[in-house]
Amino acid sequence: GTAEAESSEAGAQSRLLVAYFSYAENAALPDDVDASASASSQPWNGALSGNTGVVADMVAQATGADLFSIRTVEQYPDTYDATLDQGQQEQSGGARPELATHLENLDSYDTIFLGFPNWWGDMPMILYTFLEQYDFSGKTIIPFCTHGGSGFSRTIRTMQDKQPGATVIRNGYSLSRSRMERAPSGVAEWLKEIGLKK
């Protein structure tokens with residue numbers, strides 16, 4: 001797949017990975033979807049991604065990290081509202097959606113940026129699947145999220161609970177969906193602050 005190709009091109013020097021879950025990459029969206037009609041999807045670098053995907057791409061560009069899109073086997077509905085409803089049902093049922101994409105070469109990374117949209121004050125349940133399926137012991141996890149006003153909620157503590165052997169940094173980056181135009185400068189400032197801007 002492309003993930004392997006990209007990481008081998010980067011060579012051994014890339015110890016950074018950006019793993020992210022973005023709604024638009026996990027929904028059955030029609031090809032001609034009007035990006036402006038959905039606050040959570042936008043064309044970016046020639047592909048349709050969600051806000052989290054756009055931030056993930058900015059982080060990867062600025063740090064030289066590899067990108068990994070966390071995909072669900074079951075796609076989400078084609079509207080964000082219906083997806084949020086499904087997300088709430090999955091949350092209340094403690095669901096563990098199945099991963100469609102798998103990290104082959106986790107050992108080659110020592111720092112993992114982990115991005116997601118905040119749904120109902122929590123990570124989407126696929127992030128629980130992801131954090132339970134891999135062992136990040138000895139690695140650093142750097143969270144980032146897009147949200148409708150609730151920031152990280154308790155998600156950073158949850159990550160630490162799920163990955164007790166990893167170091168989860170507290171000063172992650174969270175961006176309100178209504179402030180997406182601030183992403184380029186916000187991401188750059190944040191990466192400089194945490195010492196990871198290349």
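Keep in mind that this is a model prediction, so the values were computed, not measured.
With Q160 contributing its side chain and A166 its backbone, the two residues share a donor-acceptor pair below 3.5 Å. T83 contributes a side-chain N or O that, together with a main-chain N or O of P77, makes up a donor-acceptor pair within less than 3.5 Å. Side chain of W120 to main chain of Q89: no donor-acceptor pair is present (N/O by atom type, distance under 3.5 Å, no hydrogens or angles). Counting only distance, with no hydrogens or angles, the side chain of S69 and the backbone of R71 share no donor-acceptor pair below 3.5 Å. Remark: side-chain polar atoms of N26 are not paired, donor with acceptor, to backbone N or O of Y76 under 3.5 angstrom. Counting only distance, with no hydrogens or angles, the side chain of Q163 and the backbone of V168 share no donor-acceptor pair below 3.5 Å.
For CD of Q133, the number of neighbouring non-hydrogen atoms (other residues, nucleotides, ligands) closer than 6.0 Å is greater than 12. Heavy atoms from other residues, nucleotides or ligands lying under 6.0 Å from CZ of R96 number more than 12. More than 12 heavy atoms of other residues, nucleotides or ligands shown are found within 6.0 angstrom of CD on E132.
Here the two rings, on Y80 and Y23, have centers that are under 6.0 Å apart. Ring-centre distance between W119 and F21: below the 6.0 Å cut-off.
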Apply side-chain contact (heavy atoms from CB on, under 4.5 Å) to residues C145 and T155 and explain how you reach the verdict. CA-CA 10 Å; C145 79; T155 57; 5.7 Å; no
Might you work through the side-chain contact (heavy atoms from CB on, under 4.5 Å) test for M123 and L114, ending with a clear yes or no? CA-CA 11 Å; M123 302 179 282; L114 191 53; 5.5 Å; no
Derivation and outcome, side-chain contact (heavy atoms from CB on, under 4.5 Å), residues L191 and V187: CA-CA 6 Å; L191 291 171; V187 166; 3.6 Å; yes
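At a cut-off of 3.5 Å, with distance as the only test, no side-chain donor of Y128 or E90 sits close to an acceptor on the other residue. Between the side chains of D122 and T158, no donor-acceptor pair is found at a separation under 3.5 Å. Donor-acceptor pairing under 3.5 Å is recorded for the side chains of D135 and S137.
Taking CG of L99 as the reference point, atom OG1 of T129 lies at 5.5 Å (rounded to 0.5 Å). Residue L131 holds its CG atom at 7.5 Å from CD1 of I70, rounded to the nearest 0.5 Å. Remark: E189 CD to K197 NZ distance equals 10.5 Å, nearest 0.5 Å. Distance check: E25 CD to T72 OG1 gives 11.0 Å after rounding to the nearest 0.5 Å. In this structure, the separation between OG1 on T63 and CG on L17 is 9.5 Å, given to the nearest 0.5 Å.
Between F130 and F136, the angle of the ring planes lies from 30° to 60°, which puts this pair in the tilted group.
The two residues I112 and K139 have their closest heavy-atom pair at CD1-CD, 3.5 Å. The nearest pair of heavy atoms linking T52 to G115 is CG2-C, 3.6 Å.
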